[in-house]
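Order of the sequence lines fixes the chain letters, A, B, ..., with proteins taken first and strands second; residue numbering starts at 1 for each chain.
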Number of protein chains: 2
Amino acid sequence: MSDPLSRTFLALADPTRRAILSQIAEGAQSVTALVAANRLSQPGISKHLKVLEEAGLIRRERVSRTRPVHLDPRGLQLAGAWIDHYRKYWEGAFDRMDALIARLNEEAAKNGRQ
Amino acid sequence: MSDPLSRTFLALADPTRRAILSQIAEGAQSVTALVAANRLSQPGISKHLKVLEEAGLIRRERVSRTRPVHLDPRGLQLAGAWIDHYRKYWEGAFDRMDALIARLNEEAAKNGRQ
DNA sequence: TGGTTATATTTCTATTTGGTAATACTTTGG
DNA sequence: CCAAAGTATTACCAAATAGAAATATAACCA
């Protein structure tokens, strides 16, 4: 699984990583701050950061000894664009769902009658 | 990893599963049709379908012996809403990225000069 | 310089995932 | 009813992931 889109969705498929994104949404945070905010070991956090970075979801700056972690809009853009592309099918899917549910109810009623 | 959002993103983090969603975007497909379209064994496809179903991305109808697979808007809605929530930080992140890149270039120039 | 802080990397382990092959189940058509 | 089609489930394997602990690296400061 090495395509960028898969990497990005996989990176988003973890609560700790989404929490990190949430924590840096309004401004950069140091790794140490992220370790304190999430109860996980420092190597654990660094590993998650690597996954997020390779997914294009974060960027690291270098400020003195610290490496503040920023949101990177590119990964979110990639994932959002994919989902947006399918949004045009959502309404149609809703309609078809309605039809499906109606049909299932009908069948259930029919079976109930037997 | 058992929360719905993680399940949905994980389901999207696979090219075969995204291909399946693409194939049913404009209308339901039988499992057999999906097996033919993706070169993977039938159990392989069924396994992917199970992942997609548990992620709220597909629904299965029952028509005679076949089980046509439909898009389910709920999973896409869930993932899309999460990403949308972060969209408001994107512009800000772009601005910060510009600042970051400027700073990095500045430092590179400085280092180059030495 | 040497000590300390901040972060990354390595190593190891348990769990999960993606795949195939074999088998079971279910429904319908003859 | 029974044979076959359509699909699901089971059993198994290889590879990837998530986590902790230990160690290495890098930059600042006294």
Between C:dA8 and A:Q42, counting only base atoms on the nucleotide and side-chain atoms on the residue, is there a donor-acceptor pair under 3.5 Å?
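Result: at least one qualifying N/O pair found.
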In this structure, how many angstroms lie between the [atom2] atom of [N] and the [atom1] atom of [X], rounded?
X: B:R65; N: C:dT28; atom1: CZ; atom2: C1'; result: 4 Å
X: A:R39; N: D:dA18; atom1: CZ; atom2: C1'; result: 16 Å
X: A:R62; N: C:dA8; atom1: CZ; atom2: P; result: 9 Å
X: B:Q29; N: D:dT7; atom1: CD; atom2: C1'; result: 16 Å
X: B:R60; N: D:dG6; atom1: CZ; atom2: C1'; result: 12 Å
X: A:L49; N: D:dG19; atom1: CG; atom2: P; result: 13 Å
X: B:L10; N: D:dT17; atom1: CG; atom2: P; result: 11 Å
X: B:F9; N: C:dT17; atom1: CZ; atom2: P; result: 17 Å

With a 4.5 Å limit on heavy-atom distance, are the side chains of [X] and [Y] in contact?
X: A:N38; Y: A:Q23; value: yes
X: B:L34; Y: B:L49; value: yes
X: B:L12; Y: A:W82; value: yes

Using the side-chain heavy atoms of [X], tell me which of these nucleotides is nearest: [options].
X: A:L40; options: D:dA18, D:dA11, D:dG19; answer: D:dG19
X: B:R67; options: D:dA8, C:dT9, C:dG18; answer: D:dA8
X: A:S30; options: C:dT7, D:dA20, C:dT20; answer: C:dT7
X: A:P43; options: D:dG6, C:dA8, D:dA8; answer: C:dA8

Mapping B:V31 and A:H48 onto DNA chain D by nearest heavy atom, which one lands closer to the 5' end?
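Comparing both residues, the 5'-ward one is B:V31.
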salt_bridge(B:R60, B:E53) N-O dist < 4.0 Å:
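Looking at B:E53 together with B:R60, the answer is yes, because their closest N to O distance falls below 4.0 Å.
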So what does [X] touch, heavy atoms closer than 4.0 Å: a base, only the sugar-phosphate, or nothing?
X: A:G44; value: nothing
X: A:I45; value: nothing
X: A:T32; value: sugar-phosphate
X: A:T16; value: nothing

Pick the nucleotide of DNA chain C nearest each of A:P68 and A:K47; which residue has the one closer to the 5' end?
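Result: A:P68.
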I want to check one thing: is the phosphate of D:dG6, taken as OP1 and OP2, less than 4.0 Å away from some side-chain N or O of B:T66?
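So the side chain of B:T66 is outside the cut-off, no N or O lying under 4.0 Å from OP1 or OP2 of D:dG6.
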With a 4.0 Å limit, can you tell me whether A:S46 has a side-chain N or O closer than that to the phosphate oxygens OP1/OP2 of C:dT7?
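Checking A:S46 against C:dT7: no side-chain N or O falls below 4.0 Å of OP1 or OP2.
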For A:H48 and A:R17, test the side chains for any donor-to-acceptor distance below 3.5 angstrom and give the result as yes or no.
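Side-chain D/A pair, A:H48 to A:R17: present.
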Do B:L71 and B:V51 share a hydrophobic cluster (ILVMFWY, side-chain heavy atoms under 4.5 Å, transitive)?
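Cluster IDs for B:L71 and B:V51 differ.
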